[in-house]
Structures are given as structure tokens and as C-alpha cells.
Amino acid sequence: QVQLVESGGGLVQAGGSLRLSCAASGRTFSSYSMGWFRQAPGKEREFVSAITWSGGNTYYAGVGKGRFTISRDSAANTVYLQMNSLTPEDTAVYYCAADGNIATMLRQAVSSVDYWGKGTLVTVSS
């Protein structure tokens, strides 16, 4: 079992930045690929970014390319999402995810992801 706890969300003005953190506990953190998804009101949960268990490979959805950076600190059992140049369209609840197979996240198989956090709300004002 893996427990995921997100933090770092909040209210920010357009053009601003936020860094989300996801602290993992439980089973061996380094065995899992980690990712971030988001869900805006009335919309489906969508993939944002993912990182392999080694940290050697990172992946981004189109919405985050060039603006978001994912990283992980295995010693701290934490994954981060640095978000820059935020726009109101980035407003959503951001969820941390963990899965033994990164392909599950990359193909947005939301119902198949092994573990989810409870989410952190990001609100970007115009």
C-alpha cells in the first residue's frame, strides 16, 4: 500500500508559479513511477506529467510542455511539479498518482492507476 499526500496548491495570479509536492509513504517508493493529473470542474481527470521510478525519463501532456517540470527526490519519497506561467485554464484539482507501470498513466487509464492522492486545489486568477 502506498499513501500519497499532495501539498502546495493555492491561489495564484495569472503568470505566477506554484510548486506542488507529493509525499509518499508505505511500500517502496522507488518501485513506482509517479505522475500528476488534474481535474477541472465539469471535466474528466487528465494526465499532466509523469516520471519513471529512476527519474531518468519524464513525460508531459501538451498543456504542461515548456511550463511544467516534474522531478522526484527518492531519498525524501517526494515528487514535485513546478508550474510556471500559469493561466486561468490551469485551475483544477491536481492529483498525485503512483503506478508500477508508467504506461498506465501515459495512456490516461485513470481507473487502472494503482494509487491516488486526495488532490490539492490550484486556482489561477486572471
Side-chain angles (χ1 to χ4, degrees):
Q1 194 78 353
V2 173
Q3 293 79 42
L4 304 174
V5 179
E6 303 95 334
S7 62
L11 175 63
V12 63
Q13 289 188 332
S17 299
L18 281 175
R19 188 176 81 154
L20 306 182
S21 300
C22 173
S25 61
R27 296 185 67 181
T28 307
F29 173 71
S30 60
S31 299
Y32 290 86
S33 294
M34 304 294 295
W36 289 94
F37 288 68
R38 70 184 188 184
Q39 188 165 16
K43 295 187 177 181
E44 294 186 349
R45 193 170 298 190
E46 64 174 353
F47 170 76
V48 175
S49 183
I51 187 167
T52 53
W53 67 270
S54 67
N57 294 92
T58 57
Y59 303 86
Y60 299 92
V63 294
K65 283 184 178 178
R67 299 189 301 130
F68 297 173
T69 302
I70 191 170
S71 61
R72 67 190 294 165
D73 182 343
S74 294
N77 285 359
T78 302
V79 63
Y80 304 97
L81 185 68
Q82 176 68 42
M83 304 187 295
N84 300 326
S85 303
L86 288 163
T87 73
E89 289 68 37
D90 294 314
T91 295
V93 177
Y94 284 71
Y95 295 91
C96 181
D99 200 279
N101 185 349
I102 198 168
T104 302
M105 292 186 280
L106 297 182
R107 58 188 175 93
Q108 303 200 57
V110 172
S111 61
S112 298
V113 171
D114 289 337
Y115 301 103
W116 290 101
K118 293 185 178 181
T120 185
L121 177 62
V122 172
T123 304
V124 184
S125 63
S126 57

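- Contacts of Thr58 classified as side chain to side chain contact (heavy atoms under 4.5 Å, CB included), with partners at least two apart in sequence or in another chain: Ile51, Tyr60, Ile70.
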Donor-acceptor pairs under 3.5 Å, side chain of residues 112-125 to any protein atom, not counting sequence neighbours: which ones?
residue : atom : partner : partner atom : Å
Asp114  : OD2  : Gly100  : N            : 3.0
Thr120  : OG1  : Gly9    : N            : 3.2

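- Residues Leu20 and Met83 form a side-chain contact, since some pair of their non-hydrogen atoms from C-beta on lies under 4.5 Å apart.
- The side chain to side chain donor-acceptor pair (under 3.5 Å) test applied to Arg67 returns Asp90, not counting sequence neighbours.
- Contact of the Phe68 side chain with the Leu86 side chain is registered, since non-hydrogen atoms from C-beta on lie closer than 4.5 Å.
- Smallest separation of non-hydrogen atoms from Val79 and Ser71: CG2-O, 3.0 Å.
- Connection of Val2 to Leu81 is established within a shared hydrophobic cluster, with ILVMFWY side chains joined at heavy-atom distances below 4.5 Å, either directly or through further cluster members.
- Annotation: side chain to side chain donor-acceptor pair (under 3.5 Å) contacts involving residues 95-107, sequence neighbours excluded, comprise Asp99-Thr104.
- Within the hydrophobic cluster formed by Ile, Leu, Val, Met, Phe, Trp and Tyr side chains joined at under 4.5 Å, directly or through other members, Tyr80 stands alone, with no partner residue.
- In the hydrophobic clustering of this structure, Val93 groups with Met105; members are Ile, Leu, Val, Met, Phe, Trp, Tyr whose side-chain heavy atoms approach within less than 4.5 Å, directly or through other members.
- Looking at Leu4 and Met34, their side chains come closer than 4.5 Å, going by heavy atoms from C-beta outward.
- Shown here are the ring-ring contact (aromatic ring centres under 6.0 Å, His included) partners of Tyr59, two or more places apart in sequence or in another chain: there are none.
- For Tyr32, the side chain to side chain donor-acceptor pair (under 3.5 Å) criterion is met by no residue, not counting sequence neighbours.
- Counting only residues at least two apart or in different chains, disulfide (SG to SG under 2.5 Å) contacts with residues 38-86 are absent.
- Arg38 and Ala92 get closest at one heavy-atom pair: CB-CB, 3.9 Å.
- Residues near Val5 contribute nothing to a hydrophobic cluster around it, because no ILVMFWY side-chain heavy atom sits closer than 4.5 Å to its side chain.
- Remark: Gln108 pairs with no residue by the side chain to side chain donor-acceptor pair (under 3.5 Å) rule, at least two apart or across chains.
- For Ser17, the side chain to side chain contact (heavy atoms under 4.5 Å, CB included) partners at least two apart in sequence or on another chain are Gln82, Asn84.
- Here the shortest heavy-atom pairing between Trp36 and Ser21 reads CH2-O, 3.6 Å.
- The side chain to side chain donor-acceptor pair (under 3.5 Å) search around Arg72 returns none, not counting sequence neighbours.
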